Amino acid sequence: MTGGPFWIIGCGNMAGAMLRRWVETGLNISHVHVVDPALPALPGGLSALAAIPANVPPADRILLAVKPQLLDAVAADVSRLVGPQTQLLSILAGVDIATLKTRFPTAAQIVRIMPNLPAALGKGVIALHSAEGPDAGIGAFMAPLGLVEWIADEAQLHLVAALAASGPAFLYRFIDALGVAGARLGLDPDQSARLALAMVEGSALLAAQSNDAPAVLADRVASKGGMTREGLDVLDKDEALVRLLTDTLDAATRRSKEMGDEARRP
């Protein structure tokens, strides 16, 4: 999956999820080096380094996975790993390619990646953008993580990140709210939470395997004059659910743009 030095800079929840899946699907860990001052536990017998050692050769690939606010703090050290053959892969939310090029001008290619946590199970969404367009090698490298989508317009990555990368958090909140609602109406709280989670898991699997749109599947569950239709009428009235989620995605998208603006400031 990678034939030369592959450096991961920062290995928190998201990068850790990606690394676990890569290791499970055959990544040659002899080429992998992870730098994270927190020294997290790593899969496959890997050990994290607190800092980039001196006099290391340039990397073939770098996964830049620190918090966007730390870009300038790590840029000088990371640039020692960047050579004319290096592919720089960035999961820094909001930080555009132009900003990354000012910090790493010698990189052969810069690819922005917007992944999400289900990548750990091979069920993630991996949105990619490169100024050079789709790259088959990078696409194949990301394929074990889940659905790979190349985004032509970099500006759309803000919204893609809100939908796909932040989306699991919004879904988790919805699952929690279903359980809370059931409890408030009389179910045992723990039992209601279990029912909500199992229902979402099974329904998502059915939706993923179906050729029909989720809206069609919803209408199939809801018979005219029945209990499901009565509940759907609450969600559908004045597009209540659509408006709520539009506002949710809009808020997350605005914050992504703000983080990009902050990263561009000297």
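As the structure is a computational prediction, the values presented were derived from the model and not from experiment.
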**Request:** Over all heavy atoms of both residues, which pair between Leu71 and Arg103 is shortest? Give the atoms and the distance, please.
**Result:** CD2-NE, 4.0 Å

**Item:** Straight-line distance of Ile62 CD1 to Leu81 CG, nearest 0.5 Å
**Value:** 5.0 Å

**Fill in**
Residues at least two apart in sequence or cross-chain that pass side-chain contact (heavy atoms from CB on, under 4.5 Å) with Ser210, listed by chain then number, are Asp212, Leu217

**Atom pair NE2 (His129) and CD (Glu154), whose distance is rounded to the nearest 0.5 Å** = 4.0 Å

**Heavy-atom side-chain proximity of Leu89 to Ile138 below 4.5 angstrom** = yes

**Item:** Passing option when Val34 is tested against Ile8, Leu39, Leu63, Leu49 for side-chain contact (heavy atoms from CB on, under 4.5 Å)
**Value:** Ile8

**Item:** Rounded distance [0.5 Å steps], CE in Met18 versus CG in Leu27
**Value:** 11.5 Å

**Message:** Same cluster or not: Leu117 versus Ile113, using hydrophobic residues (I, L, V, M, F, W, Y) connected whenever any side-chain heavy atoms lie under 4.5 Å apart?
**Reply:** yes

**Asked** What residue pairs, at least two apart or across chains, pass side-chain hydrogen bond (donor to acceptor under 3.5 Å, both in side chains) with a residue in residues 245-255?
**Response** Asp250-Arg254, Arg255-Glu258, Arg255-Glu262

**Request:** Please report the shortest heavy-atom distance between Trp22 and Phe6, naming the atom on each side.
**Result:** CZ3-CZ, 3.9 Å

**Item:** Arg20: salt bridge (charged side-chain N to carboxylate O under 4.0 Å, His left out) partners, not counting sequence neighbours
**Value:** none

**Message:** For the CG atom of Asn211 and the CD atom of Gln209, what is their distance to the nearest 0.5 Å?
**Reply:** 10.5 Å

**Request:** Mind checking side-chain contact (heavy atoms from CB on, under 4.5 Å) for Val148 and listing every partner two or more places apart, or none if nothing turns up?
**Result:** Ile126, Leu128, Met142, Trp150

**Asked** Same hydrophobic cluster for Val160 and Met259, using side-chain heavy-atom links shorter than 4.5 Å among ILVMFWY?
**Response** no

**Asked** To the nearest 0.5 Å, what is the distance between CG (Asp60) and CD (Gln85)?
**Response** 5.5 Å

**Asked** Would a hydrophobic clustering, with Ile, Leu, Val, Met, Phe, Trp and Tyr connected at side-chain separations under 4.5 Å, put Phe141 with Met14?
**Response** yes

**Request:** State which residues pass side-chain contact (heavy atoms from CB on, under 4.5 Å) with Ile29; sequence neighbours excluded, sorted by chain then number.
**Result:** Val23, Leu46

**Item:** Over all atoms of both residues, closest heavy-atom pair of Thr86 and Pro58
**Value:** OG1-CB, 4.3 Å

Would you give me the side-chain donor-acceptor pairs under 3.5 Å for residues 92-101, sequence neighbours excluded?
residue: Asp96; atom: OD1; partner: Thr99; partner atom: N; Å: 2.8
residue: Asp96; atom: OD1; partner: Thr99; partner atom: OG1; Å: 2.6
residue: Asp96; atom: OD2; partner: Arg264; partner atom: NH1; Å: 2.6

Contacts under 3.5 angstrom, residues 222-240 side chains, donor-acceptor by atom type, not counting sequence neighbours:
residue: Arg229; atom: NH2; partner: Asp219; partner atom: OD1; Å: 3.2

**side-chain hydrogen bond (donor to acceptor under 3.5 Å, both in side chains): pairs with one or both residues in residues 191-202, sequence neighbours excluded** = none

**Item:** From CG (Leu187) to CG (Leu195), nearest 0.5 Å
**Value:** 6.5 Å

**Request:** Please report the shortest heavy-atom distance between Ala75 and Phe104, naming the atom on each side.
**Result:** O-CE2, 3.6 Å

**Message:** Assigning hydrophobic clusters by single linkage (Ile, Leu, Val, Met, Phe, Trp, Tyr; side-chain heavy-atom cutoff under 4.5 Å), is Leu19 placed with Met114?
**Reply:** no

**Asked** If every non-hydrogen atom of Pro144 is compared with every non-hydrogen atom of Thr25, which pair is closest and at what distance?
**Response** CB-OG1, 3.5 Å

**Donor-acceptor pair, side chain of Arg80 and main chain of Ile52, under 3.5 angstrom** = yes

**Minimum heavy-atom distance Cys11-Leu42, with the two atoms named** = SG-CD2, 3.7 Å

**Message:** Side-chain heavy atoms under 4.5 Å apart, restricted to Ile/Leu/Val/Met/Phe/Trp/Tyr: what other residues fall into the cluster of Val242, or is it alone?
**Reply:** none

**Prompt:** Quick one: hydrophobic cluster around Leu205, which other residues, with the 4.5 Å side-chain cut-off, linked directly or via members?
**Reply:** none

**Message:** Same cluster or not: Val111 versus Ile9, using hydrophobic residues (I, L, V, M, F, W, Y) connected whenever any side-chain heavy atoms lie under 4.5 Å apart?
**Reply:** no

Side-chain donor/acceptor pairs under 3.5 Å, residues 162-184, sequence neighbours excluded:
none

**Message:** Just to verify, what does Leu121 make a side-chain contact (heavy atoms from CB on, under 4.5 Å) with, not counting sequence neighbours?
**Reply:** Lys123

